[in-house]
Each structure stands twice: as structure tokens, then as C-alpha cells.
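Below: the structure, in C-alpha cells.
Order of the sequence lines fixes the chain letters, A, B, ..., with proteins taken first and strands second; residue numbering starts at 1 for each chain.
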Protein chains: 2
Amino acid sequence: MNESSTFDPGTLTPGARRILDTAAELFYENGITAVGVDLIAARSGVTKRTLYNRFGSKDTLVASYLSERDRRWRALVMRYVDARTAAAERLLAPFEALREWSSQNPRGCAFINALAELPEPGHPAHRIALEEKRWLRDLFARSAGRAGAEHPGELAARLFCLHEGALAMQATAPGLDGAHIATGLAHDVVRAAV
Amino acid sequence: MNESSTFDPGTLTPGARRILDTAAELFYENGITAVGVDLIAARSGVTKRTLYNRFGSKDTLVASYLSERDRRWRALVMRYVDARTAAAERLLAPFEALREWSSQNPRGCAFINALAELPEPGHPAHRIALEEKRWLRDLFARSAGRAGAEHPGELAARLFCLHEGALAMQATAPGLDGAHIATGLAHDVVRAAV
DNA sequence: TTCTTCGTATACTGACCTGTGAAGTCCTTC
DNA sequence: GAAGGACTTCACAGGTCAGTATACGAAGAA
């Protein structure tokens with residue numbers, strides 16, 4: 001089997017694939033702690049034994065869930081970034097990705113939610129969530145540098161702040177379109193900084 | 001006893017006061033679902049029977065925890081707002097409050113965390129968290145109107161987005177000072193809008 | 001004195017939690 | 001036809017969860 005903490009999604013058995021899809025939906029909709037492995041196994045049409053044979057522990061399953069989400073999110077962002085050529089537009093591309101992502105994920109950011117539920121820094125899910133956020137910050141910083149910003153680090157931090165605000169607003173202001181508001185702000189910030 | 005879902009902190013018995021203080025610390029540090037009533041009772045130096053005699057259920061205790069936090073946060077914000085006279089400064093005052101609050105609450109926003117853990121809209125804690133956020137948005141909207149913004153609603157939404165971004169960053173970017181970054185952005189946004 | 005309030009102590013319920021053991025079936029591949 | 005991976009069945013361990021039952025003690029107020 002696989003002793004690492006996450007899994008290459010191409011090597012998953014059909015049962016493991018169903019388990020991970022089911023877990024992803026249940027974790028995102030109901031929270032990680034609130035969902036037990038019995039429910040995941042039952043909804044996947046699989047026994048609990050199979051779940052443990054494939055994933056080893058609930059923590060590993062949680063980590064796999066976040067890891068796969070991370071992979072999809074990065075791919076989406078890079079698709080938007082690579083579709084642009086102008087440096088300023090590449091800097092703003094993650095906000096276009098965010099608008100698409102938010103419309104399909106109404107329960108907010110899975111990584112923010114996971115960090116809220118699993119505060120122990122040693123938890124694998126905690127590490128994965130922080131790495132995802134760091135990746136985006138670094139992407140902003142590289143793009144800001146290439147766009148010729150006078151203070152790339154500060155511009156990146158500002159854009160990251162707007163990004164996080166949009167995600168948090170999905171949970172705290174369900175009636176407002178946080179991604180739309182943050183995108184407008186991001187345009188102003190970039191226009192002022194480059 | 002008290003059949004309502006929360007409590008007037010002035011009428012708490014000494015035991016109830018200790019329970020609520022202990023619960024607040026444990027919930028904030030470790031998450032709500034992760035903390036059991038047995039631990040809260042033991043740490044408060046109180047039996048579980050007393051906890052249930054005072055609060056009736058864990059859900060009510062959670063609601064009381066958030067309710068008291070909400071009360072303290074609103075008082076802090078209004079202290080900063082009332083210390084200012086110029087309309088633009090009153091509009092920005094919540095960001096000053098946020099900087100003080102953030103420095104004392106490193107685990108991020110208890111309301112965002114609670115919404116992540118308790119997604120059911122019917123949960124009393126869910127309702128309290130949403131009301132807290134709505135209160136701040138309304139405060140921004142009133143202040144924006146008095147400051148003479150051309151689009152008070154949009155300005156309020158933008159400031160709220162920055163506020164939420166700062167709070168989310170406490171969890172997702174532990175090394176950065178989200179409140180500082182958001183405050184800088186807020187100044188620029190207000191300067192451009194009024 | 002009697003009643004109420006606030007608290008103690010201990011034991012308990014029934015459900016749920018993550019995780020394991022042991023044995024056996026199905027299916028593909030070599 | 002042998003081997004091995006994927007999966008099943010089912011029982012069970014060892015704990016923790018929220019919440020309850022019962023009985024008692026101390027203090028203040030009427």
C-alpha cells in the first residue's frame with residue numbers, strides 16, 4: 001500500500017477513488033470533525049475495512065482531501081495566469097480564477113475551514129493548508145516583481161489580503177459577492193502600484 | 001435558571017462565570033467540536049452537573065461564548081469610533097480596533113472559525129456569528145454615508161472585505177501582520193472614495 | 001423553620017468515535 | 001492454474017461524546 005501521507009490520484013483503486021470523492025464532499029459541506037469514517041464508508045459503498053486498508057487513518061484521508069483540492073486549485077489558477085501575457089494581467093489572473101472557484105464552492109475556503117478546525121501545527125492537514133497559502137503568496141510576489149512594482153513584497157501581501165477577504169466573506173457575508181468586490185479592489189491596487 | 005440561549009454576564013453565578021471563561025479559552029484555542037464538556041467542567045473546578053444546571057446544553061454554552069465575545073468586540077470598536085470626530089476617521093476606526101484585537105487574539109477570528117465548524121444555519125452559534133458580521137457591515141455603511149461617500153454601500157463592502165482579509169490572514173499567513181496591511185489598504189480606499 | 005439557590009460527588013446511559021482482527025470472495029494477470 | 005491485489009463481512013476493542021439520575025451539603029432569606 002502507500003505509507004506516505006497523501007496519494008497520487010492516478011494510482012487510486014476504484015474503491016479508494018470513491019472514498020476520496022465522498023469524503024471530499026462530506027468534509028467540505030459538514031466540516032472535518034463532524035464527519036465520521038463510518039459515514040464516509042457507508043456513503044462510498046465500501047466497508048470501513050477498505051477505507052483503512054487504502055488510507056491507513058482518518059488524518060491521512062483528510063490530508064489527501066486537502067491535497068487533491070490544492071492540486072485542482074493551483075491548476076485552475078495557472079490556467080488563468082498562462083492565458084495572459086501582459087504582466088499586470090497575469091498579476092490579477094488569480095482573482096479571475098477565484099471568481100470561477102467561488103461560484104462552485106459556496107461553503108468558503110476549505111483550507112481556512114481546515115485551519116479553524118485543526119489548530120495543531122503538527123497535523124498534516126494543517127501543513128498542507130499553510131503550504132497552499134504560501135504558494136499563492138509566492139505567486140503574487142513573483143508576478144508583482146515581473147510587473148515592475150516598486151515594492152513587490154508589499155503589493156503581494158496586499159493582493160493576498162484581498163484574496164483572503166473574498167474567501168472569508170463567502171462564509172461571513174453570504175449575500176455579498178466577495179470575489180467580485182475583491183477583484184475590483186485588486187484592480188485599483190495594481191493600477192496604483194505599477 | 002435561564003431558559004434563553006445566552007446569558008447576561010452580570011447575572012452569572014461564580015461557578016457559571018468560571019465555566020464560561022474556561023470554555024471561551026478552550027474553544028478559541030482548540031476549536032469548538034474538539035473540546036468536550038467533561039474537560040470544561042474539570043478545568044473550571046466544577047462538576048458537569050453544575051455546568052448543565054447553569055447552561056442547559058453545550059450548544060447554549062457555545063452560544064454564550066460567542067455572544068460575550070461579540071459584546072466585547074463591539075464595545076472595543078465603539079470606543080475607537082467614539083474617540084474620533086472627523087467622519088473619515090470614524091470610518092477607519094474599526095481598523096484601529098482590529099489591530100489591538102488581533103494582537104491579543106492570535107488564533108484568528110472566533111466567528112469565522114465557528115462558522116467553519118458549525119455549518120448548519122439553525123445552530124444558535126451560527127446565527128450569532130452572522131449577526132456580528134452584519135453589525136460591522138452596517139456600521140461601515142452608516143459611517144460611509146456620513147463621510148459623504150458617493151457609493152456608501154460599495155465602500156462599506158470594500159472595507160468589510162479588507163477587515164475579513166486581515167482576520168483570515170491571521171490563520172493563513174501567520175508571519176504577516178494582516179491588520180497592518182488591511183489598515184494601509186483601507187486608508188487608500190477611503191481616500192479615493194470620499 | 002422551611003424554602004430556594006448554588007454547589008458537591010459519583011455513577012450511569014446510549015450513542016458514537018477511530019481503529020483492528022481474522023477469515024474469505026472476486027477478479028485479473030502471469 | 002497459481003498468485004496476488006482489491007474488497008467484503010462481521011465482530012470487537014477501547015474511548016469519548018453529550019447528557020441524566022440520585023443524593024447530599026451549605027448558605028441566606030422568608
### Query
Just by protein heavy atoms under 4.0 Å, how would nucleotides 8-25 of chain D read 5' to 3' in B, S and -?
BB--------BBBBB---
### Query
For B/Glu29, which residues count as a salt bridge (Lys or Arg N to Asp or Glu O under 4.0 Å) partner, sequence neighbours excluded?
none
### Message
For a side chain to side chain contact (heavy atoms under 4.5 Å, CB included) check, start with the C-alpha distance between B/Leu162 and B/Ile181, then their side-chain angles and the critical distance, and finish with the verdict.
### Response
CA-CA 9 Å; B/Leu162 295 175; B/Ile181 292 163; over 6 Å; no
### Task
Provide, to the nearest angstrom, the distance between the CZ atom belonging to B/Phe55 and the P atom belonging to C/dC6.
12 Å
### Message
Just the rounded figure in Å: distance from P of C/dC17 to CG of A/Leu51.
### Response
13 Å
### Message
So, taking the atom named CD in B/Glu164 and the one named SG in A/Cys161, what distance separates them when rounded to the nearest 0.5 Å?
### Response
10.5 Å
### Close aromatic pair by centroid cut-off 6.0 Å: A/Trp101 and A/His163
no
### Query
Bend angle of the helix from C/dT1-D/dA30 to C/dC30-D/dG1 from five-pair axes at both ends, rounded to 10°?
10°
### Task
Flag yes if more than 12 heavy atoms outside A/Glu100 fall under 6.0 Å of its CD atom; otherwise flag no.
yes
### Query
Can B/Arg69 and B/Asn105 be counted as having a side-chain donor-acceptor contact under 3.5 angstrom?
yes
Taking N or O atoms only and anything under 3.5 Å, show me the protein contacts with nucleotides 27-30 of chain D, one pair per line.
none

#### Entry: B/Ser67 and B/Ser64 side chains, donor-acceptor separation under 3.5 Å
no
### Message
side chain to side chain contact (heavy atoms under 4.5 Å, CB included) for A/Ile112 and A/Lys133? Distances and angles first, verdict last.
### Response
CA-CA 9 Å; A/Ile112 291 178; A/Lys133 297 298 183 184; 4.2 Å; yes
### Summary
Sorted by chain and residue number, the ring pair (Phe, Tyr, Trp, His ring centres under 6.0 Å) partners of B/Phe160 (sequence neighbours excluded) come out as none
### Message
Rounded to whole Å, please give me the gap between CG in A/Leu12 and C1' in D/dA6.
### Response
13 Å
### Message
Pairing donors with acceptors under 3.5 angstrom, does anything connect the side chains of A/Thr47 and A/Thr50?
### Response
yes
### Message
Using a strict heavy-atom distance below 4.0 Å, which residues from residues 113-122 of chain A are in contact with DNA chain C?
### Response
none
### Message
Is the shortest side-chain heavy-atom distance between A/Phe140 and A/Arg158 below 4.5 Å?
### Response
no
### Message
Would you say B/Thr33 and A/Thr33 are linked by a side-chain donor-acceptor pair, where the criterion is simply a distance under 3.5 Å?
### Response
no
### Query
Are more than 12 heavy atoms from other residues, nucleotides or ligands located less than 6.0 Å from atom CZ of B/Arg43?
no
